[in-house]
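Quick caveat: nothing in here was measured; it's all calculated off a predicted structure. Numbers here are sequence positions counted from 1. The figures that follow rest on heavy atoms only: side chains count, while hydrogens, waters and symmetry mates do not.
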Amino acid sequence: MAGIIDTIKLAGTLVLALPAALTGLDFLLISGQPFYGAALLFFAAALVIAQHYMTLPSDIPGLLAKRAVGSVVKSGESDGDADDAERVEAVQHESDAK
């Protein structure tokens with residue numbers, strides 16, 4: 001589930017990764033310096049991959065909050081389903097009584 005914060009983080013990473021990747025392509029294909037070009041392309045890819053998979057200490061409270069909300073919502077939904085079933089039964093009994 002990618003939220004707006006994750007999208008902003010990706011955009012910030014791409015601000016650094018795209019110029020490195022373009023310069024790496026220039027070195028690799030045009031300037032004839034394959035070592036520097038490959039190194040810059042590797043650096044750009046590593047930035048994007050690390051941003052996607054790395055969990056920073058500042059991300060931990062958000063992850064814990066998502067887990068807490070998820071567990072509360074799941075238990076709340078099951079209670080709501082039981083209440084709905086009881087209401088349906090009550091309506092059916094009222095209609096049968098008429």
Side-chain angles (χ1 to χ4, degrees):
M1 177 162 120
I4 191 156
I5 301 296
D6 294 331
T7 304
I8 292 170
K9 287 180 183 179
L10 177 63
T13 302
L14 290 176
V15 165
L16 299 174
L18 285 176
L22 292 175
T23 305
L25 285 174
D26 181 42
F27 281 169
L28 188 66
L29 301 175
I30 298 171
S31 298
Q33 298 176 343
F35 177 74
Y36 293 118
L40 284 171
L41 286 172
F42 176 77
F43 173 71
L47 274 174
V48 175
I49 291 169
Q51 184 273 332
H52 182 71
Y53 288 108
M54 191 181 332
T55 301
L56 298 175
S58 62
D59 296 336
I60 293 174
L63 293 173
L64 293 175
K66 284 181 185 178
R67 284 188 183 174
V69 168
S71 65
V72 169
V73 170
K74 286 180 184 175
S75 65
E77 288 177 355
S78 64
D79 293 340
D81 292 340
D83 292 339
D84 291 339
E86 291 172 3
R87 288 184 193 135
V88 169
E89 288 180 25
V91 169
Q92 288 176 347
H93 288 295
E94 288 177 12
S95 65
D96 291 340
K98 291 181 182 180

Separation between CG of Leu40 and CZ of Phe35, rounded to the nearest 0.5 Å:
10.0 Å
Enumerate donor-acceptor pairs with a distance under 3.5 Å from any side-chain N or O in residues 10-32 to protein atoms, sequence neighbours excluded.
residue	atom	partner	partner atom	Å
Thr13	OG1	Lys9	O	3.0
Thr23	OG1	Pro19	O	2.8

Contact list for residues 35-48, test salt bridge (Lys or Arg N to Asp or Glu O under 4.0 Å), sequence neighbours left out:
none
With salt bridge (Lys or Arg N to Asp or Glu O under 4.0 Å) as the rule and sequence neighbours excluded, what pairs involving residues 13-22 come up?
none
